[in-house]
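Here's the structure, in structure tokens; my notes come after.
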Protein chains: 2
Amino acid sequence: MVTLEDVARHAGVSLATASRVLNGSARQVGAGLRERVEQAAAELGYRTNVAAQTLARGAGNVIGLVVHDLVDPYFAAIADGAVRAAEAHGMVVMVGTTHRDPVKEIAYVSSLGAQRARAVILAGSRVDDPSAAALRTELERYRAGGGRVAVIGQDLLGTDTVAVANRSGAAALAEALKAMGHREFAILAGPPRLITAADRCEGFAAALPGLSPQIIHGPFDRDGGYAAAASINPGVTCVFAVNDVMAVGALAAFRDRGLRVPDDLSLAGFDDIATLRDLVPALTTVRLPLAEIGARAVELALSGDAGPSVVHVEGEVVIRESVRAR
Amino acid sequence: MVTLEDVARHAGVSLATASRVLNGSARQVGAGLRERVEQAAAELGYRTNVAAQTLARGAGNVIGLVVHDLVDPYFAAIADGAVRAAEAHGMVVMVGTTHRDPVKEIAYVSSLGAQRARAVILAGSRVDDPSAAALRTELERYRAGGGRVAVIGQDLLGTDTVAVANRSGAAALAEALKAMGHREFAILAGPPRLITAADRCEGFAAALPGLSPQIIHGPFDRDGGYAAAASINPGVTCVFAVNDVMAVGALAAFRDRGLRVPDDLSLAGFDDIATLRDLVPALTTVRLPLAEIGARAVELALSGDAGPSVVHVEGEVVIRESVRAR
DNA sequence: GCATACTGGGAAATCGCTTTCCGGAAGGGT
DNA sequence: ACCCTTCCGGAAAGCGATTTCCCAGTATGC
């Protein structure tokens, strides 16, 4: 492996000069030497040793991203945005997938701390369970070491946050559905303690005073939607699944039971997952700019300004065929 | 930040001993000291500095994964498998997305080289274009530095490879469709120089001697499928899209034109993307164990054995509603 | 009982880069 | 002509681990 020292020797300059030329420094280097160094580096095929650089500088160029599941298009889209944004800053993204295991989440934060990652981004709201305290401790420790933390979703005290307007988005959706004549609702609400799910559910319900929609809890994924759809009360005319993937599950369940959407039942989701765009019937949903959310989280974590700041992201109601006016 | 030296001092032992206890070494340390060191580390909240470790050891714990697009469920599934496998080996994955830009691919390999990544995994076949030579050079350089390279898809000379049986999978699909009575085929073939696409196309066509299916080239994504579907000849009874995502596009196109699948036209894809499982009609396709492919690539790259080896992965034809017998 | 392993502990030399000083040279103001 | 900056090059001290020696203390073989 070619080292900086080799380059310096080859160019007949000092290590310091070579470093300044090749790895960006505040100090200038005269044109002549700069040229010589660059040439030598090219000839020898020099490649910076990032580990050494990180050690010397005391800060690396990696951003950690912790998601639940990359196969879930919601997280994939966020990851995509994050990777792009990181790249624009000359950073590189390390992803960890927890598959909803809080212990793994903590392990990743710890590992990212060991990497001296510049920032860690936590996507996907954690349930409000006992391990949350341990996570918090670990995050605190990470931040004590100079790392930044950004959270997507819930507003975790004292960290930068990309706050998704789940409540108001769901409320707007509810309004729209009500305006179309629906009165009997069911909500496929996801896990009760999952904050994103709970917010969407509450926002939706709160916008329907006096209508007391039926609330059905269950897992936050496709199969959860499928299962929950089974216990919908007769008389319900419109179903809101707290995310698109669950809506897909519900759709399948309805189909299996011979219920047609939107003829027999209207259905709405949340997120507006691109991969699901061609679903038939097209899903009414609340569009979230997921890639942008990922990117914003990176920006936030990298903008080393003062206090923890919060960026708000709004969703946009998109009415499509899966909902029909009554 | 707590350093190993702090721990050693706190425990009253030498740096060497502390290192041996905390960061795994061939040498044994007496029970008494070991205990003291562990306790000291816990009390002080010591966290290994991976950068320093990497520098000293000359090898890091990151695996680079370069994909085209994380939003594409094909790559997301591969990434998921890779992340899991890496984790099992105590490694961590850095992902880069190229969005089909060969220059970025090279840049990522270069950057991973600078990170002294243990291995880099290239997913998504590159087109056979001029920049391929540059990629090759970069990979060569990377390997000269002791890194391993694994490629998913095409058999790039001299590297470990997870070879996907695109040809035979497509051929098996073609056989199955022929057995169902189809004779007039169209292939939505993707870009002519994209190796994965070309292999699937050729494998399919080769299994239909004398039938000369219509071949339509275009982009490898959903919109490519949509667009290509427009130029299908009248008389065609069965359409093969070289991946599921294109099939989805084609399906949308047919729907827009009032063609019903499978009543008017049969349609098949390739990959068996999980997120698309609930499509109506369910897509006939060739199932690929994508997560396993990602995992295998990691294993391959990490199994530091002798020569470059090739792992073959077979697809499995899955007949679903989108195809009807004639 | 003596030479010969073998064990486990520690001192110190790396690993490759950044950055603080230090110092000489050149430019500018009066 | 002198002093004060400013500019740029280099020597050397870290950054935080790992690992090679070296050594003392035991254990083992004959």
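Numbered from 1 within each chain, the chains take letters A, B, ... in sequence-line order.
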Cationic N near anionic O, under 4.0 Å, A:Glu140 to A:Arg136
no
What I want to find out is whether B:Glu299 reaches B:Arg296 closely enough, with some N-O distance under 4.0 Å, to be called a salt bridge.
no
Roughly how many Å is it from [atom1] in [X] to [atom2] in [N], rounded to a whole number?
X	N	atom1	atom2	answer
A:Asp6	C:dC15	CG	P	11 Å
A:Gln115	D:dG16	CD	C1'	14 Å
B:Leu22	D:dG16	CG	C1'	13 Å
B:Leu4	D:dC15	CG	P	14 Å
A:Arg116	D:dA17	CZ	C1'	11 Å
A:Leu55	D:dA13	CG	P	17 Å
B:Arg34	C:dT7	CZ	C1'	14 Å

What do the steps show when you test A:Arg47 against B:Ser110 for side-chain hydrogen bond (donor to acceptor under 3.5 Å, both in side chains), and what is the final call?
CA-CA 8 Å; A:Arg47 183 114 318 165; B:Ser110 159; 3.3 Å; yes
Mind checking if [X] touches a base, just sugar-phosphate, or nothing, with heavy atoms under 4.0 Å?
X	result
B:Gly58	nothing
B:Val50	nothing
A:Thr54	nothing

Kindly indicate whether the side chain of [X], heavy atoms from C-beta on, has any atom under 4.5 Å from the side chain of [Y].
X	Y	answer
B:Arg36	B:Val21	no
B:Thr3	B:Asn49	no
B:Val162	B:Leu300	yes
A:Val95	A:Val67	no

Where at least one partner belongs to residues 11-24 of chain A, residue pairs that pass salt bridge (charged side-chain N to carboxylate O under 4.0 Å, His left out), sequence neighbours excluded:
none
Report the nucleotide, chosen from D:dA17, C:dC17, C:dG10, that has the shortest atom-to-atom distance to any side-chain atom of A:Tyr46.
C:dC17
B:Asn23 side-chain proximity, nearest of C:dC17, D:dT18, C:dG10
D:dT18
Donor-acceptor pair between A:Glu43 and A:Gln39 side chains, under 3.5 angstrom:
yes
Can you see if the side chain of [X] gets near the phosphate of [N] - specifically, an N or O under 4.0 Å from OP1 or OP2?
X	N	value
A:Thr3	C:dG16	no
B:Asn49	D:dC15	no
B:Gln28	C:dG8	no

With respect to B:His68, which candidate in B:Tyr74, B:Tyr108, B:Phe220, B:Phe75 satisfies the ring pair (Phe, Tyr, Trp, His ring centres under 6.0 Å) definition?
B:Phe75
End axis versus end axis in the helix from C:dG1-D:dC30 to C:dT30-D:dA1, the angle rounded to 10°, five pairs used at each terminus:
20°
Could you pull out the protein-nucleic contacts involving nucleotides 19-27 of chain C (nitrogen or oxygen on both sides, under 3.5 Å)?
residue, atom, partner, partner atom, Å
C:dC21, N4, A:Arg27, NH1, 3.3

